[in-house]
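Position 1 is the first residue of the sequence; numbering continues from there.
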Amino acid sequence: MKKDKKARKEKVKKEKTNLLKRAVSSIQTKIALIFMLLLLATIEIIGAYFTRQMEQTSINNFQTTIQLQSIVTDQLTAQLVKNDKSADRKMNQIITDYSNDAISEIQVVDSKNVIRAVSNLNDKNRVGQLSNNGDIREVINSGQQKTQVTSDQEGSFMVQIVPLTSGTNIVGAVYVRASMADVFNNLRNISMMFLTASLLAVVVAAIASIFISRAITRPIEELRQQAIQVANGDYSTQVKIYSNDELGQLGAAFNTLSVKIERSNEQSESERRRLDSVLSHMTDGVIATDRHGNVSIMNQMAQDFLDVKAEDAIKKPISQVLGLGEDYTSQDLISNQSDMQVTVNAGTDDEMILHASFTLIKRVTGFVSGAVCVLHDVTEQIKNEDEQRQFVSNVSHELRTPLTSVRAYIEALNEGAWKDPEIAPQFLDVTQKETERMIRMVNDLLVLSRMDRGATKLEPEWVNFTDFVSHLLNRFDMIVEHDQGEAQSDTKEYVIKRDLGNQALWVEIDTDQMMRVIDNIMNNAIKYSPDGGTITVRLTQNQNQILLSISDQGLGIPRKDLGKIFDRFYRADKARSRAQGGTGLGLAIAKEIVTAHGGRIWADSREGHGSTFYIALPYEPMDEEDEWDEV
């Protein structure tokens with residue numbers, strides 16, 4: 001609770017401080033302060049000049065006031081010239097009778113610097129004594145009047161020393177001392193009146209300056225508020241126009257500018273949304289860079305292609321993001337603008353080949369501000385082209401071998417071998433077998449071609465897969481019994497072991513196509529199993545699929561070839577397969593059929609330990625209460 005109260009106090013204090021800072025730093029306060037400072041400076045200058053002039057004038061007037069009249073100085077001069085006892089009395093009488101309230105003391109000093117008369121009765125004992133005033137001696141010696149203002153503990157005084165001359169001779173001097181208290185009191189009163197008036201003028205000027213500065217700054221403040229709103233994206237308000245002066249014209253121009261900015265911003269935002277939508281829904285990756293080749297924009301597809309996040313790629317060189325290594329620099333890519341292929345995740349199952357094309361971003365002036373790199377996934381295209389080339393090569397090779405054999409045997413027959421009753425049947429038998437092999441190959445190619453075009457349509461029906469597999473295996477058992485009954489020397493003996501279970505597994509399949517798949521795998525198991533070997537067939541099921549496995553005890557398939565055995569014309573042991581009449585297309589057809597059923601086929605093998613082929617098909621368990629519609 002105390003912490004919250006303390007925090008609130010600190011917050012209020014901080015807000016007050018910020019408010020005071022804003023008030024001090026506002027232009028309204030600055031204008032008012034400048035106006036008042038100018039007024040104060042003007043008043044001070046005028047006041048100083050006025051006070052100085054008034055002081056000088058008062059001093060001059062006071063000096064004139066205390067100036068002894070010439071008749072008095074003449075009388076004093078005459079008495080000094082007489083230089084007798086009666087002269088001292090007369091001089092005392094003259095200066096005593098002289099009426100001037102400002103003068104506080106008058107002394108008459110002769111040329112020998114002896115005080116001859118004083119106006120102050122308390123200083124009568126000084127008469128006849130030498131004056132110790134150096135200024136009097138200076139005036140007597142120089143003959144020049146001297147006037148000065150002095151100050152002591154009693155106050156400020158004006159001292160005026162006037163030389164007394166008779167003809168060309170200086171007979172003495174008159175020392176006049178007058179108090180300037182009244183003069184300075186008057187000056188002080190006038191200064192106070194002036195200061196009071198100045199302060200009153202400053203107060204009035206301050207009030208006036210506040211109103212004037214407010215009138216001037218109100219449009220500016222509204223312009224500021226409007227500018228802040230525009231910067232924050234609010235264009236709804238307009239600046240109020242108070243007059244047609246410069247500020248009014250500025251407000252009108254700002255309103256027009258605000259409208260234009262709003263329209264421009266709407267257009268820019270619309271273009272940005274359109275561009276974002278295009279970039280987001282593009283099937284190609286797009287990377288934009290600055291003029292240094294560092295990534296600035298990267299759409300989602302480019303992130304998916306390169307398996308990198310935009311925040312990790314931004315501001316990094318595009319060559320590094322594309323994984324081109326040290327052979328390429330970003331500047332080289334931008335300057336050359338050459339298309340290239342980029343391989344991502346090379347050597348893995350997620351390998352992807354991207355076609356990268358570069359385009360410069362230029363301004364109207366021709367200045368290159370960046371580049372755009374478009375990434376197109378050509379993995380399937382390259383793969384299809386490679387498969388097409390491989391397919392043509394394989395077909396040519398597979399057809400050339402039997403055709404060469406057929407041509408050789410026919411040429412031998414034409415040359416007279418048909419007349420030999422022992423050789424001719426052998427040649428014809430080989431020719432027939434090679435011809436049948438070519439027919440099987442062409443038929444398989446036609447099947448694959450129809451599957452690729454989508455011309456082969458499945459005709460699914462619900463069957464008990466357990467009975468279906470058992471029926472096929474029964475057929476192979478009959479073939480074994482028939483071959484053993486014939487006692488043929490070249491017949492291979494084998495045993496089929498079943499592990500099918502008794503559960504009825506109902507699936508929807510095309511029986512003819514699925515029979516072709518199982519026949520192909522069983523025939524391969526028989527071909528590659530040793531004489532007397534065992535072929536094991538198992539059938540299991542889980543919640544959503546059934547799994548059929550066919551295992552043999554043959555030589556097995558190398559681990560490196562497992563991922564390729566379902567490719568067209570691929571044989572792990574090409575010589576043995578061709579000798580046994582295989583076309584290399586059976587497993588490829590099987591894979592297409594199983595995939596069309598929504599299933600999956602794969603193999604597991606180890607060299608020298610046989611092979612196991614798995615077929616997984618979708619399966620939906622049926623409840624015992626399910627009823628079948630009667631046909």
Do you see a donor-acceptor pair shorter than 3.5 Å between the side chains of Ser131 and Asn133?
no
Nearest 0.5 Å, what's the CD1-CG distance between Ile115 and Asp110?
9.5 Å
Could you go step by step and tell me if Glu271 and Arg274 meet the salt bridge (charged side-chain N to carboxylate O under 4.0 Å, His left out) rule?
CA-CA 5 Å; Glu271 291 295 331; Arg274 187 181 298 122; 2.7 Å; yes
Taking the side chain as everything from C-beta on, heavy atoms only, tell me whether Ile106 gets closer than 4.5 Å to Tyr175.
no
Treating Asn299 as the side-chain partner and Val286 as the backbone partner, does any N or O pair qualify as donor plus acceptor under 3.5 Å?
yes
Euclidean distance, Leu80 CG relative to Lys90 NZ, rounded to 0.5 Å:
13.5 Å
State, yes or no, whether a side-chain contact exists between Ile95 and Leu76 at a heavy-atom distance under 4.5 Å.
yes
When the side chains of residues 312-322 are checked against the rest of the protein, which donor-acceptor pairs come out under 3.5 Å, sequence neighbours left out?
from   : atom 1 : to     : atom 2 : distance (Å)
Lys316 : NZ     : Asp312 : O      : 3.2
Ser319 : OG     : Ser330 : OG     : 3.4

Distance check, rounded to the nearest 0.5 Å: Ile71 atom CD1 versus Ile94 atom CD1?
9.5 Å
Does a donor on one side chain sit under 3.5 Å from an acceptor on the other, for Gln148 and Asp135?
yes
Which residues satisfy the side-chain hydrogen bond (donor to acceptor under 3.5 Å, both in side chains) test with Gln160, sequence neighbours excluded?
Gln67
Donor-acceptor contact below 3.5 Å, side chain Ser191 vs main chain Leu187:
yes
Are any non-hydrogen side-chain atoms of Val81 and Asn169 less than 4.5 angstrom apart?
no
In terms of heavy-atom contacts, does OH of Tyr49 have more than 12 from other residues, nucleotides or ligands at under 6.0 Å?
no
Taking CD1 in Ile228 as the centre, count heavy atoms belonging to other residues, nucleotides or ligands within less than 6.0 Å. Is the count above 12?
yes
Is any NZ, NE, NH1 or NH2 atom of the basic residue among Arg272 and Glu269 found under 4.0 Å from an Asp or Glu carboxylate oxygen of the other?
yes
Would the distance check show the side chain of Ser264 and the main-chain N or O of Lys260 forming a donor-acceptor pair, the cut-off being under 3.5 Å?
no
What's the separation between atom CZ in Arg116 and atom CG in Leu164, rounded to the nearest 0.5 Å?
11.0 Å
Using modelled atom types only, decide if a donor and an acceptor are shared between the side chain of Asn265 and the backbone of Ile261 within a distance under 3.5 Å.
no
d(Ser111 OG, Asn141 CG) to nearest 0.5 Å is 10.0 Å
So how far is it from Met192 CE to Leu199 CG, rounded to the nearest 0.5 Å?
8.5 Å
